[in-house]
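Structure, as structure tokens:
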Amino acid sequence: MSSNLELATFGGGCFWCVEAVIQKLNGVEKVVSGYAGGHDPEPNYNSVCSGSTGHAEVIQVSFNSSILSYKDLLEVFMTSHNPTQRDGQGADIGTQYRSIILFHSLEQQNIAETVLTEMVPLFDKPIVTELVALTSFYPAEIYHQDYYNRNSENRYCTIVIEPKLAKLRQKHADKLVENLPQELPRVIHQEDKEQFLVELEPNKFAMLRYSHHGDYLSLDYSEVPIELRGKGYGSVLMKMTLGEIEKMGLKVKPICSYTVRYLQRNSEWNHLLV
């Protein structure tokens, strides 16, 4: 291992998801899915899923610290899952899916404590991420390794992992291997159908309907593909659509609760309100 190559171990939900996200980061050399944080010296997938081993599904990351710092790595991890959900992620429920950081050194412990503190204002609920020293790491079975890249057509990958990757591209484009410039979603104004469409991903659209009342629009946030719901796209949809309305020189009268709450939280759009 070179002087700049370090190890990090953490987990938050199914290790397929965490692995797929972290693999995309520039500076990551290798990711291994496995089990850690429990007491069973011979864990396997079935025993870990039973909850009897105390282990969590985690990944162990080999990364070049001269390219990607441990702090940056943890920040991506913490913003790519829900660290306020205890013993689970989404529909994956159980202690094996808990949010956990297993530090390899005192320096990593100190950095992790700093990151956890800095993350507090980003969430509405308390962070429940467990922070413990790594004692042992057990690689998972071979069929769990590199899972998303080998099974991207799997329904779980499509519904659960792909939205996480889309969020990664939006939030951390500067840290990705491709280092692609971040592109804003495309807004399509369909006047004949009285709606705005925002293409958040290829062929996946969110919709905002409106009713025209002369010099203002009544907005009704009405449709987002089910696999994209709860992924932060509502804010993207509102921001992009309000930008288009601003260009049109019109005012806004929100009529659905989501739109009202969004505009209340974002005073930058007050000048558009009727």
Side-chain angles (χ1 to χ4, degrees), residues 4-34 36-37 56-86 88-90 92 97-134 137 148 160-184 230-233 235-236 239:
N4 291 325
L5 206 58
E6 298 183 21
L7 288 177
T9 306
F10 45 75
C14 176
F15 43 25
W16 300 343
C17 297
V18 188
E19 176 193 67
V21 168
I22 299 303
Q23 282 179 327
K24 302 295 184 184
L25 299 179
N26 190 27
V28 168
E29 300 285 335
K30 184 179 180 181
V31 180
V32 179
S33 290
E57 291 191 11
V58 301
I59 62 168
Q60 189 160 91
V61 186
S62 301
F63 66 102
N64 188 328
S65 59
S66 67
I67 299 173
L68 179 69
S69 71
Y70 182 63
K71 187 173 189 292
D72 284 345
L73 181 60
L74 288 187
E75 287 176 351
V76 172
F77 163 65
M78 290 295 293
T79 54
S80 63
H81 78 296
N82 178 8
T84 70
Q85 182 178 352
R86 191 175 299 278
Q89 283 295 296
D92 293 327
Y97 298 121
R98 66 190 183 272
S99 178
I100 183 171
I101 298 171
L102 301 110
F103 53 86
H104 291 243
S105 64
L106 179 59
E107 181 183 11
Q108 284 196 356
Q109 179 184 6
N110 292 335
I111 292 172
E113 289 173 348
T114 298
V115 170
L116 290 175
T117 300
E118 292 177 350
M119 288 286 154
V120 169
L122 301 183
F123 298 95
D124 296 330
K125 298 178 182 180
I127 291 174
V128 296
T129 303
E130 183 181 343
L131 179 61
V132 296
L134 177 71
F137 171 77
Y148 174 77
V160 179
I161 297 179
E162 288 185 2
K164 288 180 178 287
L165 296 178
K167 183 178 179 181
L168 175 71
R169 290 191 290 269
Q170 287 185 341
K171 286 182 171 292
H172 301 288
D174 60 316
K175 298 181 180 68
L176 302 186
V177 173
E178 301 89 350
N179 199 24
L180 298 175
Q182 184 174 355
E183 295 183 2
L184 290 174
K231 306 300 179 185
Y233 287 122
S235 295
V236 173
K239 182 175 182 180

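- The closest donor-acceptor contact from the side chain of Q109 to the backbone of A133 lies at 3.5 Å or more, if one exists at all.
- In the displayed structure, E107 atom CD is contacted under 6.0 Å by at most 12 heavy atoms of other residues, nucleotides or ligands.
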Open item on the list: Would L73 and L25 count as a side chain to side chain contact (heavy atoms under 4.5 Å, CB included) here? Give the steps.
Closed with: CA-CA 8 Å; L73 181 60; L25 299 179; 3.8 Å; yes
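- Residue I101 comes nearest to Y70 through the heavy atom pair CG2-OH, 3.6 Å, listed as atom of the first residue, atom of the second, then distance.
- Here CD1 of I22 is found 11.5 Å from SG of C17. Values are rounded to the nearest 0.5 Å.
- The shortest side-chain heavy-atom distance between F10 and V18 falls under the 4.5 Å cut-off.
- The distance from atom CZ of F77 to atom CD1 of I100, rounded to the nearest 0.5 Å, is 9.0 Å.
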Task: Residue pair V28, Q23: steps toward the side chain to side chain contact (heavy atoms under 4.5 Å, CB included) verdict - done: CA-CA 7 Å; V28 168; Q23 282 179 327; 5.7 Å; no
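- When all heavy atoms are compared, the tightest approach of L5 to S62 is CD1-C, 4.3 Å.
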- [ ] Could you please spell out the steps behind the side chain to side chain contact (heavy atoms under 4.5 Å, CB included) verdict for L116 and M78?
- [x] CA-CA 8 Å; L116 290 175; M78 290 295 293; 3.5 Å; yes
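- Shortest non-hydrogen contact noted between Y148 and A20 is CB-CB, 3.7 Å.
- What you find for A36 and R98 is that their closest heavy atoms are O-NH2, 4.4 Å.
- Contact check for V61 versus T9: no side-chain heavy atoms found under the 4.5 Å cut-off.
- For the pair L68 and N26, the minimum side-chain heavy-atom distance is 4.5 Å or more.
- The closest side-chain heavy-atom distance from L131 to E113 is below 4.5 Å.
- To the nearest 0.5 Å, the span separating CD on E6 from OG on S66 amounts to 9.5 Å.
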Open item on the list: Run I127 and M119 through side chain to side chain contact (heavy atoms under 4.5 Å, CB included) and show every step you take.
Closed with: CA-CA 8 Å; I127 291 174; M119 288 286 154; 3.6 Å; yes
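- In this structure, the side chain of S69 does not engage the main chain of S65 through any donor-acceptor pair within 3.5 Å.
- Using a 4.5 Å cut-off on side-chain heavy atoms (C-beta onward), E57 and Y97 make contact.
- L102 approaches H104 most closely through the heavy-atom pair O-CD2, 3.6 Å.
- With respect to K71 and E118, a salt bridge is recorded, a charged nitrogen being found less than 4.0 Å from a carboxylate O.
- Remark: the backbone N or O of L7 is paired with a side-chain donor or acceptor of Q108 at under 3.5 angstrom.
- Between S99 and H81, the closest heavy-atom pair is OG-NE2, 2.8 Å.
- Between T129 atom OG1 and Q85 atom CD the span is 11.5 Å, to the nearest 0.5 Å.
- Two residues are said to be in side-chain contact when any heavy atoms from C-beta on lie closer than 4.5 Å; V31 and Q60 fail this criterion.
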